[in-house]
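Reviewing the structure listed below.
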Amino acid sequence: MAVPPEIEERVGDLRAEIDEHNRRYHVDDDPTISDAEYDALVRELRDLETEFPELITPDSPTQRVGAPVSTQFSEIRHRVPMMSLDNAFTFDELLDWGRRLERRLGSEGEAVGYVCELKIDGFAISLTYENGKYVRAATRGDGRVGEDMTANVGTIEAVPKKLAGKKAPSLLEVRGEVFMPIAAFEALNKRQADAGDRLFANPRNSAAGSVRQKDPSITASRELAMWTYQLGAVENGPSFKTHTETLDWMRGLGLPVNPEIRQLATLDEVYEYCRHWQEQRHDLPYEIDGVVIKVDDLRLRDELGATSHAPRWAIAYKFPPEERTTKLKEIMVSIGRTGKATPFAVLEPVFVGGSTVQMATLHNQDQVNAKDVRPGDTVIVRKAGDVIPEVVKPVLAERPKGLRAWKFPTKCPVCGGPLVRLEGESDTFCTNVDCPGQRWARICHFTSRGAMDIEGLGERTVSQFLEHNLIHDPGDIYSLDWDGVRALEGFGEISITNLQKSIEASKQRPLANLLVGLGIRHAGGTVSRLLAQAFGDLDALMAASEEEIAAVDGIGSIIARSVHEFFANPRNLEVIEKLRAAGLNFTGPERSTLPQTLAGLSIVVTGTLEGFSRDIIEETIKAHGGKAPGSVSKKTTAVVVGEGPGAAKLTKAQELGVPILDEEQFVKLLETGDLP
Ligand code: IVH
């Protein structure tokens with residue numbers, strides 16, 4: 001059967017979306033969807049690929065393990081690849097796996113013998129020991145090649161620098177999970193909040209973020225721990241019959257092996273272990289997101305072998321998203337940048353999935369109706385350790401008498417204009433393009449981190465500026481009436497100068513960021529990068545036909561139509577012309593028409609700058625023709641130093657006599673290309 005075009009398009013969209021989330025999770029440590037939502041995307045893609053195998057490509061996320069290797073750290077090749085695990089999301093799936101395996105081994109009815117381990121919610125690391133001495137640590141990377149984290153992981157107390165005992169093998173690769181205990185995570189986030197820094201979403205992200213530091217002294221300050229659970233390559237070591245023996249040997253070498261690991265004979269016992277830890281997971285001082293079940297007998301493991309990405313002898317049973325009950329105080333409606341009206345629940349604060357939740361999305365009118373949640377209800381709230389919590393359903397037994405059903409408002413809560421829902425659509429929209437709610441959301445989106453990243457122009461300031469008619473659309477940010485700003489509460493000369501600096505710096509953002517900022521429907525980070533790469537500058541993209549846009553690899557017809565329609569709308573063109581007049585960069589780094597002031601120069605940045613986020617600074621250097629490597633060497637032209645610089649980079653720069661610039665000097669260098 002020929003593949004229907006909508007399936008092909010969906011597969012392309014799913015791949016782009018999954019790649020984007022992989023990058024956010026593994027490289028940025030900043031995920032925007034829950035694990036459950038991510039798993040659902042991968043599942044949908046896998047199902048489509050099973051149905052239409054001709055669509056499978058070697059670079060499909062289903063064919064790869066984990067994250068691409070980032071260019072920030074040097075590479076380490078694993079001697080034995082670091083595989084991932086297949087997942088079971090229900091007990092039925094888990095038992096099916098076990099029964100299949102027992103059938104395959106011809107031991108139906110007989111006990112295969114398993115080892116059950118807690119699935120630590122951390123960051124996979126491979127340690128290497130040579131003759132008992134710690135010599136290397138690497139991330140999983142793409143499974144074959146990981147990133148060098150030797151110095152950073154070496155700061156973790158639980159990682160022995162020398163193995164115990166006299167008979168250490170000449171080479172030992174051992175795999176495990178680096179994690180941050182919950183108490184350390186909470187203390188770290190408190191410190192981050194006190195310093196006005198970004199909070200980590202959960203202990204997993206903070207562990208990953210703490211390991212992936214260029215400066216080991218930051219890792220050292222983060223109270224990380226590690227459990228090891230698997231061997232990689234071993235040379236001149238003892239041979240083992242079972243995984244249990246391996247773990248005992250590892251313990252004897254002084255490696256940290258989790259005390260809750262159990263050797264269990266039957267699937268019934270495995271089920272009991274999983275059920276127990278699903279209930280008791282919060283009794284542990286660290287986070288787990290499931291149980292890993294492994295066949296104990298190493299000969300049977302060899303017999304079972306592996307698929308392209310995971311062994312057949314192990315499976316991860318993933319706990320379902322966590323649920324708690326709380327009181328639903330109120331249902332409100334928020335207006336997004338496209339005018340979409342999204343109902344959300346205001347809740348009595350409740351601790352679920354690793355953080356306190358006070359609001360949860362209700363998605364749309366149909367969802368509220370279907371769930372029949374009412375203000376005053378006790379509701380079940382679900383959160384999967386991460387970002388967007390959800391109201392599952394009301395607890396009807398606890399509904400107070402006479403509670404009235406909630407009705408979707410007919411008027412926009414911000415501008416009072418009509419809320420419209422078109423036939424056959426699930427979403428409701430405020431159709432007034434002048435609605436201050438929409439304007440606010442559009443401008444906040446434009447200034448946000450993934451877009452133009454204008455520090456100091458957050459949600460509250462945007463509201464203030466809108467209220468005082470200082471801005472109406474993102475284009476106005478660049479011609480602000482500064483006397484008007486001065487007259488507002490809370491704006492002293494220092495905050496004005498800082499804001500001016502970050503607005504000025506934002507003019508240099510690469511085209512992909514500008515495209516994200518414009519808020520074109522369906523054009524998030526991945527799509528914007530593809531468009532920026534393909535067209536090179538905004539004018540070329542604006543002049544392109546729908547077909548030309550659709551011809552770009554990775555862009556489907558729905559996205560192409562949306563992009564084309566965006567540039568046909570005179571209101572959008574008005575904003576774009578304001579941005580052009582303000583001198584914003586309309587080109588991508590690949591075909592930059594910005595002055596190539598940094599051509600031939602190599603600039604290393606350390607610490608936080610006021611006008612540039614970490615994501616943006618490298619792009620800016622490249623867009624001006626320079627190189628932005630992650631470490632200081634003899635070839636480095638200058639080191640730019642912001643708040644909280646890495647000690648290693650600074651020392652190296654001083655040792656090598658590399659000029660050190662502050663932010664102001666760097667901005668001058670960008671403009672003129674001359675070192676001060
Ligand atoms: S064994 C070939 N055991 O979960 C087997 N993995 O979703 C390799 N994980 O990549 C993994 N706790 O990062 C194993 N007790 C445990 C684990 C564990 C956490 C992580 C690990 C793995 C991922 C798979």
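Everything quoted here is computed from the prediction, not taken from an experiment. First listed ligand is number 1; within each ligand, the first listed atom is number 1.
Of the heavy atoms in D121, none comes closer than 4.0 Å to ligand 1. When heavy-atom distances to ligand 1 are checked against a 4.0 Å cut-off, R140 comes that close only through its side chain, counted from C-beta outward.
Between the side chains of S126 and R175, at least one donor-acceptor pair of N or O atoms lies under 3.5 Å. For the residue pair E322 and H282, a side-chain donor N or O sits within less than 3.5 Å of a side-chain acceptor on the partner.
Between K294 and E117 there is a salt bridge, since at least one side-chain N of the basic residue sits less than 4.0 Å from a carboxylate O of the acidic one. A salt bridge links R275 to E272: at least one charged side-chain nitrogen sits closer than 4.0 Å to a carboxylate oxygen. Between D96 and R99, at least one side-chain N (NZ, or NE/NH1/NH2) sits under 4.0 Å from a carboxylate O, which counts as a salt bridge. Using a 4.0 Å cut-off between charged side-chain N and carboxylate O, E235 and R79 make a salt bridge.
Looking at E260, E117, K318, it is E117 that brings a heavy atom closest to atom 15 (N) of ligand 1.
For an aromatic pair to be called close, the ring centres must be under 6.0 Å apart, and Y317 with F91 satisfies this.
Atom NZ of K214 is separated from atom CZ of R212 by 9.5 Å, given to the nearest 0.5 angstrom.
Considering only non-hydrogen protein atoms, atom 5 (C) of ligand 1 sits nearest to L85 CD2, 3.7 Å. Remark: minimum distance from atom 17 (C) of ligand 1 to any protein heavy atom is reached at Y229 CE2, 3.4 Å. Scanning the protein heavy atoms around atom 12 (N) of ligand 1, the nearest turns out to be I120 N, 3.1 Å. Scanning all protein heavy atoms for the shortest distance to atom 8 (C) of ligand 1 gives M83 O, 3.9 Å. If you check which protein heavy atom lies closest to atom 13 (O) of ligand 1, you get E177 OE1, 2.9 Å.
An N or O contact shorter than 3.5 Å is missing between W313 and ligand 1 by distance. For a threshold of 3.5 Å applied to N or O pairs, the pair formed by P311 and ligand 1 contains no separation below that value. Residue K119 has at least one nitrogen or oxygen atom sitting less than 3.5 Å from a nitrogen or oxygen atom of ligand 1, judged on distance alone. For ligand 1, the polar-atom distance check finds no N/O of V292 at less than 3.5 Å from any of the ligand's N/O atoms.
By the 30° and 60° cut-offs, the orientation of the rings of W249 relative to F240 is tilted.
Below 4.0 Å from some heavy atom of L118 lie the following atoms of ligand 1, by number and element: 12 (N), 15 (N). Near A124, meaning under 4.0 Å from any of its heavy atoms, are these atoms of ligand 1: 13 (O).
Remark: distances from the non-hydrogen atoms of M82 to ligand 1 are all 4.0 Å or more. Put simply, part of K294 is less than 4.0 Å from ligand 1, judged by heavy atoms.
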- Message: side chain to side chain donor-acceptor pair (under 3.5 Å) for Y273 and D268? Distances and angles first, verdict last.
- Response: CA-CA 9 Å; Y273 182 94; D268 283 347; over 6 Å; no

